[in-house]
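Structure first, then comments.
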2 protein chains.
Amino acid sequence: MIPQHQSKGKPRTFDREAVLKKALGVFWKRGYEPASIAELCEAMEINPPSVYAAFGNKAQLFMEAVNHYENVYWNDAWERLEDEPDVRKAMAGFFRDAAVILTSQDAPCGCMVVLGAANVSKDSQDVNDALKALREEGKECFLVRLKRGVADGEFSEGTDVDTLASTLNTMFHGMSIQARDGVSHEELERVAAVAMTLIPPAPVPPKRHSA
Amino acid sequence: MIPQHQSKGKPRTFDREAVLKKALGVFWKRGYEPASIAELCEAMEINPPSVYAAFGNKAQLFMEAVNHYENVYWNDAWERLEDEPDVRKAMAGFFRDAAVILTSQDAPCGCMVVLGAANVSKDSQDVNDALKALREEGKECFLVRLKRGVADGEFSEGTDVDTLASTLNTMFHGMSIQARDGVSHEELERVAAVAMTLIPPAPVPPKRHSA
DNA sequence: CAATAAGTGTATCGATCGCTACAGTAGATT
DNA sequence: AATCTACTGTAGCGATCGATACACTTATTG
């Protein structure tokens, strides 16, 4: 992807992706602004000039960390949401995945996209705007999946999938805060399971044993 | 409540509660750490020494602002949750109230208890801990109300009200983030209405016209 | 081999952070 | 009126913020 050809100067002495992961850990736990360059550098085990040479500035480092975070932790979950043909199973699977991911760290962190830049000063608004765009992408994924469910006849005609997507998205965001407040994986899974009752039943029960 | 007796020195030249409200506005919009003393002072129209004389330090000012926020914006909603005898109507009412409160400001802010100290550095952890305690109080209120519903026979015996309280609390927290992301009051009310489907139906339909 | 170019560590930049010393002001007490 | 005491504005404290200047090192290139 990136041209490997060794250019002239001294090559860097650290693994770019490895230190990015270290930075991700700090950003995830602290959030964008409270994560100081000093703390990041200590975790990355490199000095400020190396950070700026490799990543540009703090905001760009953060956005790369977020991107890495999404790829590593969420891509599979979003894909499974698409691949599972039964919309209810798909959603239940996604929320079960979410319960796992959100409590996967040693320290309670929640979702980096949801909480990574919740409190920012005036001059870092654009960082939160970027995350907000990602949050809206998430909602859009829910909506697209639900609309497919409608097309597949899994919902009755008049179902308000827009509001349902918004509600599931709201639930998902709330789970981030629960995770950050230290709610256990087990409880978060129970919450996720209850959240599935938000999804209305199928229009016509397709083959039951009785009734 | 506070001893009115004018002590000896020069009396303060500002209204303590008025400037606290101004500070609340800044804290609500920005969060704890991004709200600088400079910005707070500008909004409060007083100078740093006056702030520290009247409120102690930034953390104490914040906690007073949070306390004021709860009293002004949420006390009534929590009281209505208790006063309404029908548990389902009570919850629906609370979430409708929440949708109003969360979108009541000019700028999208969300709930100050939920998002006011989401990102804090190492030495301000105690501020977030204090808010976390308030968040847990909220969940406890949900739980107590639901348990009363069980005692009142509004839920069937085996209903897992703990998980239900947790789920409603999660929904409530998620609504904060939606509000902060600029979701309209109308949409938030629709979300709140859908959220009510989380609550299982009454065990036996108590007097219907048919069926 | 020189010449060039890029990464690295040290040491620090100006700006801002929360907070306060200090002198001056103004109301209460005597 | 004299004194005491608390509030106010200015000005600046030490600490930390994100970001860099600079000298040094280490690789490629000619």
Side-chain angles (χ1 to χ4, degrees), chain A residues 2-20 22-23 26-27 30-65 117 119-128, chain B residues 2-20 22-23 26-27 30-65 117 119-128:
Chain A
I2 290 165
Q4 308 272 23
H5 95 76
Q6 172 74 6
S7 61
K8 262 179 132 184
K10 176 179 175 180
R12 68 168 57 98
T13 60
F14 57 88
D15 180 342
R16 196 177 184 281
E17 190 174 321
V19 301
L20 179 60
K22 293 290 189 179
V26 176
F27 276 131
R30 296 234 176 277
Y32 175 61
E33 282 190 336
S36 69
I37 294 289
E39 189 178 358
L40 288 162
C41 282
E42 193 184 342
M44 300 163 89
E45 292 178 294
I46 55 178
N47 295 105
S50 299
V51 173
Y52 286 85
F55 300 99
N57 60 24
K58 189 185 177 183
Q60 290 172 42
L61 172 62
F62 179 74
M63 289 316 299
E64 273 206 53
N119 300 138
V120 287
S121 57
K122 247 176 275 193
D123 26 272
S124 300
Q125 295 289 6
D126 51 342
V127 174
N128 188 37
Chain B
I2 289 165
Q4 309 272 23
H5 96 78
Q6 173 73 6
S7 60
K8 264 181 136 182
K10 177 178 174 180
R12 67 167 59 97
T13 60
F14 57 89
D15 180 342
R16 197 177 183 283
E17 190 173 322
V19 301
L20 179 60
K22 294 288 189 179
V26 177
F27 276 131
R30 296 233 175 277
Y32 175 61
E33 282 190 336
S36 69
I37 295 289
E39 189 177 358
L40 288 162
C41 283
E42 194 183 341
M44 299 164 90
E45 294 179 291
I46 55 177
N47 296 104
S50 299
V51 173
Y52 286 85
F55 299 99
N57 60 24
K58 189 185 176 184
Q60 290 173 42
L61 172 62
F62 179 73
M63 289 315 300
E64 273 206 53
N119 300 139
V120 286
S121 56
K122 249 175 276 194
D123 26 271
S124 300
Q125 296 288 8
D126 51 340
V127 173
N128 187 37

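Just so it is clear: chains get the letters A, B, ... in the order the sequence lines come, proteins before strands, and each one is counted from 1. What you see below is based on every heavy atom in this structure, not just the backbone, and it leaves out hydrogens, waters and symmetry mates.
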Looking only at non-hydrogen atoms, find the nearest pair between Lys122(B) and Gln125(B) and report the distance.
O-CG, 2.9 Å
Nearest-nucleotide wise, let me know which of Gly56(A) and Val51(B) is further upstream toward the 5' end of DNA chain D.
Val51(B)
For the side chain of Asn47(A), starting at C-beta, report the closest nucleotide among dT10(D), dA27(D), dG9(C).
dG9(C)
What is the distance from NZ of Lys122(B) to C1' of dC17(D), rounded to the nearest Å?
15 Å
Set of side chain to side chain contact (heavy atoms under 4.5 Å, CB included) partners for Asp15(A), sequence neighbours left out
Glu17(A), Ala18(A)
Would you compute the distance between atom CG of Asn119(A) and atom CZ of Phe27(B) and round it to the nearest 0.5 angstrom?
11.0 Å
Rounded to whole angstroms, how far apart are OH on Tyr52(A) and C1' on dC13(C)?
13 Å
Given atom CD of Glu39(A) and atom C1' of dG18(D), what is their separation to the nearest angstrom?
14 Å
Using 0.5 Å steps for rounding, measure from the CD atom of Glu64(A) to the CZ atom of Phe62(A).
12.5 Å
Would you mind reading off the distance between Asp123(B) atom CG and dC17(C) atom P, rounded to a whole angstrom?
15 Å
Within the pair Ser50(A) and dG7(C), is there a side-chain N or O less than 4.0 Å away from OP1 or OP2?
no
When you check the phosphate oxygens OP1 and OP2 of dC7(D), does a side-chain N or O of Thr13(B) lie under 4.0 Å from one of them?
no
Provide, to the nearest angstrom, the distance between the NZ atom belonging to Lys58(B) and the P atom belonging to dA15(D).
19 Å
Pairs under 3.5 Å (N/O, protein and nucleotides 2-6 of chain D):
unit_1, atom_1, unit_2, atom_2, d
dA6(D), N3, Lys10(B), N, 3.4

Only pairs under 3.5 Å count here: list side-chain donor-acceptor contacts from residues 38-49 of chain B, not counting sequence neighbours, and write none if there are none.
unit_1, atom_1, unit_2, atom_2, d
Glu39(B), OE1, Arg30(B), NE, 3.0
Glu39(B), OE2, Arg30(B), NE, 2.8
Glu39(B), OE2, Arg30(B), NH2, 3.4

Residue whose closest nucleotide on DNA chain C lies nearer the 5' end, Tyr32(B) versus Pro49(B)
Tyr32(B)
Calculate the interatomic distance between Ile46(A) atom CD1 and dA6(C) atom C1'; express it in whole Å.
15 Å
What's Ala59(A) touching, base or sugar-phosphate or nothing? Going by heavy atoms closer than 4.0 Å.
nothing
dG18(C) P sits how many Å from Phe55(B) CZ, rounded?
16 Å
Between Met44(B) (CE) and dG18(C) (P), how many Å, whole number?
13 Å
Tightest non-hydrogen contact, residues Pro34(A) and Ser121(B), listed as CB-N, 3.6 Å
List, with names and distances, any nitrogen or oxygen atoms from the protein found under 3.5 Å away from nitrogen or oxygen atoms belonging to nucleotides 12-14 of chain D.
none

Side-chain donor-acceptor pairs under 3.5 Å in residues 51-61 of chain B, sequence neighbours left out?
unit_1, atom_1, unit_2, atom_2, d
Asn57(B), OD1, Ala59(B), N, 3.2
Asn57(B), OD1, Gln60(B), N, 2.9
Lys58(B), NZ, Tyr32(B), O, 3.1
Lys58(B), NZ, Glu33(B), O, 3.2
Lys58(B), NZ, Ala35(B), O, 2.9

